[in-house]
Amino acid sequence: MIRVLLVDDQPLIRSGFRALLDLEDDIEVVAEAGDGLQGVALARQHLPDVALVDIQMPVVDGIEATRRIAADPALAAVHVVILTNYGFDEYVFNALRAGAAGFLVKDIVPEDLLHAVRVAARGDALLAPSITRKLINRYVTQPLTMGTGRGLEELTNRERETVALVAQGLSNDQIADRMLISPMTAKTHVNRAMAKLHARDRAQLVILAYESGLVVPRSS
């Protein structure tokens, strides 16, 4: 059973999501919160698998709530999915940096919402390559080259290469083709890199790749 926490200051949004999720045999809404502070408290109380968290809320907003959940070792198994009305924007970027596993637009169709909850519960990131490329564009618009990757010393050479390819927006299948390995091996490299760097998902790998200098713009 996938346990879900709903955190949104709009009761109508929460009731709509609950009605949809409660119809599924493998999903249970365990609690609802109307602000981020209450959401963090309920996450600690119920230990949900997935927390659907709105960005703009009173008392404590979704970004700070995400940061508090991600920073709490007792909540390491809670996967935060950000809810937004606006698609990918600066708020979402900051939420991903805070530790969110991904994001959903509130007008998502029911089938995609159910799929997203199941994906997040497995621990997979809700970031398609197109979204990863938007993260990349947040940093650079020029062609990329390999840098030093200071701070990534724990990674093997193959893991560093894998992280660099993730930072270029490649999927596991594309990484496998580039490195001449199997998709499963590519996924293993990605997962090991995330574990060593304490990154919760591919989005944070992208951010770490740029902030460490592993991937940098080529000088023109």
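Only heavy atoms go into these numbers, but all of them, side chains included; no hydrogens, no water, no symmetry mates.
Distance CG/Leu165 to CD/Gln174: 9.5 Å, rounded to 0.5 Å. Within the model, atoms CD1 of Ile181 and OG1 of Thr162 stand 5.5 Å from one another, a figure rounded to the nearest 0.5 Å. Interatomic distance, CG of Leu113 versus CG of Leu52, reported as 6.5 Å (0.5 Å rounding). Separation of atoms CE (Met184) and CG (Asn191) is listed at 9.5 Å; rounding is to 0.5 Å.
Between Ile82 and Ala100, the shortest heavy-atom distance links the atoms CG1-CB, 3.7 Å. For the pair Leu42 and Ala33, the tightest heavy-atom approach, listed with the atom from each and the gap, is CD1-CB, 3.8 Å.
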Listing, residues 64-71 side-chain donor-acceptor contacts under 3.5 Å, not counting sequence neighbours, or none:
unit_1: Glu64; atom_1: OE1; unit_2: Arg67; atom_2: NH1; d: 2.7
unit_1: Glu64; atom_1: OE2; unit_2: Arg68; atom_2: NE; d: 3.0
unit_1: Thr66; atom_1: OG1; unit_2: Gly62; atom_2: O; d: 2.7

Atom pairs and distances, donor-acceptor, side-chain atoms in residues 23-31, under 3.5 Å, two or more places apart:
unit_1: Glu24; atom_1: OE1; unit_2: Arg118; atom_2: NH2; d: 2.9
unit_1: Asp26; atom_1: OD1; unit_2: Arg118; atom_2: NH2; d: 2.9
unit_1: Asp26; atom_1: OD2; unit_2: Arg118; atom_2: NE; d: 2.8

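Here salt bridge (charged side-chain N to carboxylate O under 4.0 Å, His left out) pairs that include residues 103-112, with residues two or more places apart or in two chains, are Asp8-Lys106, Asp54-Lys106. Within the structure, every pair that satisfies the salt bridge (charged side-chain N to carboxylate O under 4.0 Å, His left out) test and touches residues 189-199, not counting sequence neighbours, is listed here: Glu159-Lys196.
Applying the side-chain hydrogen bond (donor to acceptor under 3.5 Å, both in side chains) rule to Asp35 yields no partners; only residues at least two apart in sequence or on another chain are considered. By the side-chain hydrogen bond (donor to acceptor under 3.5 Å, both in side chains) test, Thr185 pairs with Ser182, sequence neighbours left out. Every residue meeting the side chain to side chain contact (heavy atoms under 4.5 Å, CB included) condition with Pro183, not counting sequence neighbours, appears here in chain and number order: Asp173, Ala176. Take Asp177 and apply the side-chain hydrogen bond (donor to acceptor under 3.5 Å, both in side chains) test, not counting sequence neighbours, and it matches no residue. Residues passing the side-chain hydrogen bond (donor to acceptor under 3.5 Å, both in side chains) test with Arg178, sequence neighbours excluded: none.
Cluster partners of Val59 are Leu37, Val60, counting Ile, Leu, Val, Met, Phe, Trp and Tyr whose side-chain heavy atoms approach within less than 4.5 Å, directly or via other members. Applying the 4.5 Å side-chain rule to ILVMFWY residues, one finds that Leu180 remains a lone member of its cluster.
Inter-residue side-chain proximity for Phe17 and Leu83 is flagged as met; some heavy-atom pair is nearer than 4.5 Å.
Looking at Arg3, its side chain does come within 3.5 Å of a backbone N or O of His46 through a donor-acceptor pair.
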